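Note sheet for the following structure.
Everything numeric here is computed off the predicted structure, so don't read it as measured data. Note that ligands are numbered from 1 as they come in the structure, with each ligand's atoms numbered from 1 the same way.
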Amino acid sequence: MRMKNKVVLVIGGASGIGLAIADRLAAEGAEVFLTGRRSIDVDAAVDKIGNGAIGIVGDAGDSSDIEKMMETLRSKKGRIDALIFNAGVSEPAGLANSTPDHFDRHFSVNTRAPMLAMRAGSSLLGKGSAALLIGSIAGVKGVPTHATYAATKAALRSYVRSWTAEFAELYRHAPA
Ligand SMILES: NC(=O)c1ccc[n+]([C@@H]2O[C@H](COP(=O)([O-])OP(=O)(O)OC[C@H]3O[C@@H](n4cnc5c(N)ncnc54)[C@H](OP(=O)(O)O)[C@@H]3O)[C@@H](O)[C@H]2O)c1
């Protein structure tokens with residue numbers, strides 16, 4: 001029960017790796033909130049996890065949905081101990097097939113959405129809390145047919161480095 005009483009938000013937690021993260025953290029005692037785009041998937045994930053998990057339906061690529069997710073956490077708990085941004089899109093395409101839509105879909109969910117989530121959620125992250133943004137080895141090495149996906153994850157790594165410096169500066173001046 002290493003996560004007892006910890007409030008965790010898993011964005012993109014209704015399937016895949018996000019569901020596994022949410023499930024494991026709930027088993028470790030966390031109060032888990034998970035999001036997904038479709039209520040049928042969110043409900044199924046909540047049923048599978050049990051342990052009081054709460055589902056929120058919302059599109060991680062939509063800034064107003066992100067705001068609503070954070071409002072739910074603010075009104076129900078007043079804080080987030082671990083904000084986990086897991087949602088991701090990865091569709092193969094060589095350069096010749098890398099259309100503007102393909103680019104926008106990837107950057108919207110993999111890079112823009114974590115920035116929006118951090119912007120909306122950072123005021124709920126107190127001392128000792130954590131933000132986990134799921135990257136990929138693709139963010140540090142070349143991956144044929146996944147160049148745009150790789151670029152989104154490289155940009156995310158860059159965001160994290162800058163936010164880390166920004167938060168360090170903020171907390172340096174925060175009251176103890
Ligand atoms: N699998 C790997 O080998 C691997 C390796 C390195 C990194 N990663 C990263 O790990 C994370 C999870 O990957 P995965 O393999 O579990 O992928 P996945 O099975 O495709 O799951 C992606 C999750 O993101 C959600 N999602 C996508 N777009 C969304 C949106 N607009 N709003 C809300 N949720 C959205 C999906 O929900 P829907 O069901 O609604 O689509 C799904 O729950 C991703 O960030 C991925 O880039 C994966």
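Of all the atoms in ligand 1, the ones that sit under 4.0 Å from a non-hydrogen atom of Asp59 are 30 (C), 31 (N), 32 (N). Counting the atoms of ligand 1 from 1 in the order shown, those under 4.0 Å from a heavy atom of Ser15 are 39 (O), 42 (C), 43 (O). Close approach of ligand 1 to Ala60 (heavy-atom distance below 4.0 Å) involves ligand atoms 30 (C), 31 (N), 32 (N), 33 (C). Close approach of ligand 1 to Ile134 is summarised as follows: ligand atoms under 4.0 Å from at least one heavy atom of the residue are 9 (C), 10 (O), 11 (C). Within ligand 1, counting atoms from 1 as listed, the ones closer than 4.0 Å to a heavy atom of Asn86 are 10 (O), 11 (C), 12 (C), 44 (C), 45 (O). Near Ser136, with a cut-off below 4.0 Å to any heavy atom, the atoms of ligand 1 are 6 (C), 7 (C).
With a 4.5 Å cut-off on side-chain heavy atoms, Leu132 and Ile21 do not count as touching. Side chains of Ser122 and Trp163 form no contact here, defined as non-hydrogen atoms less than 4.5 Å apart. Using a 4.5 Å heavy-atom cutoff, the side chains of Leu125 and Leu83 are in contact. Side-chain contact between Leu133 and Tyr159: absent, with no pair of heavy atoms (C-beta onward) separated by less than 4.5 Å. Using a 4.5 Å heavy-atom threshold, the side chains of Lys6 and Leu25 count as separate.
Looking at Ile17 next to ligand 1, an N or O pair under 3.5 Å apart turns up. For ligand 1, the polar-atom distance check against Gly88 finds a nitrogen or oxygen pair separated by under 3.5 Å. Remark: ligand 1 and Val109 share no N or O pair separated by less than 3.5 Å (distance only, no angle test). Considering backbone and side-chain atoms alike, Lys153 places an N or O below 3.5 Å from some N or O of ligand 1.
Within 6.0 Å of the CZ atom in Arg79, the count of heavy atoms belonging to other residues, nucleotides or ligands exceeds 12.
Of the protein's non-hydrogen atoms, Ala87 CB, 3.6 Å is the one closest to atom 35 (C) of ligand 1. Among all protein heavy atoms, the one lying closest to atom 19 (O) of ligand 1 is Gly16 CA, 3.9 Å. The protein heavy-atom contact nearest to atom 39 (O) of ligand 1 is Arg38 NH2, 3.1 Å. What sits closest to atom 41 (O) of ligand 1 on the protein, heavy atoms only, is Arg37 NH2, 2.5 Å.
Heavy atoms of Gly61 approach ligand 1 to within less than 4.0 angstrom. Heavy-atom separations between Gly135 and ligand 1 include at least one value shorter than 4.0 Å. Ligand 1 has at least one atom lying under 4.0 Å from a heavy atom of Tyr149.
Distance check on atom 8 (N) of ligand 1: some protein heavy atom falls below the 4.0 Å cut-off. Contact annotation for atom 43 (O) of ligand 1: protein present (non-hydrogen atoms, distance under 4.0 Å).
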List the atom pairs, donor and acceptor, that lie under 3.5 Å between side-chain atoms in residues 35-60 and the rest of the protein, sequence neighbours left out.
{"from": "Thr35", "atom 1": "OG1", "to": "Gly12", "atom 2": "N", "distance (Å)": "3.1"}
{"from": "Arg38", "atom 1": "NE", "to": "Asp41", "atom 2": "OD2", "distance (Å)": "2.9"}
{"from": "Arg38", "atom 1": "NH2", "to": "Asp41", "atom 2": "OD2", "distance (Å)": "3.4"}
{"from": "Lys48", "atom 1": "NZ", "to": "Asp23", "atom 2": "OD2", "distance (Å)": "3.1"}
{"from": "Asp59", "atom 1": "OD1", "to": "Gly61", "atom 2": "N", "distance (Å)": "2.7"}

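To the nearest 0.5 angstrom, Leu34 atom CG is 7.5 Å from Leu19 atom CG. To the nearest 0.5 Å, atom CG of residue Leu73 and atom CD of residue Glu31 are 10.5 Å apart. Put simply, CD1 on Ile66 and CE on Met115 are 10.0 Å apart, with the number rounded to the nearest 0.5 Å.
Residues Ser123 and Arg74 bring a donor and an acceptor atom of their side chains to less than 3.5 Å of each other.
Ala151 pairs by the side chain to side chain contact (heavy atoms under 4.5 Å, CB included) definition with Phe107, not counting sequence neighbours.
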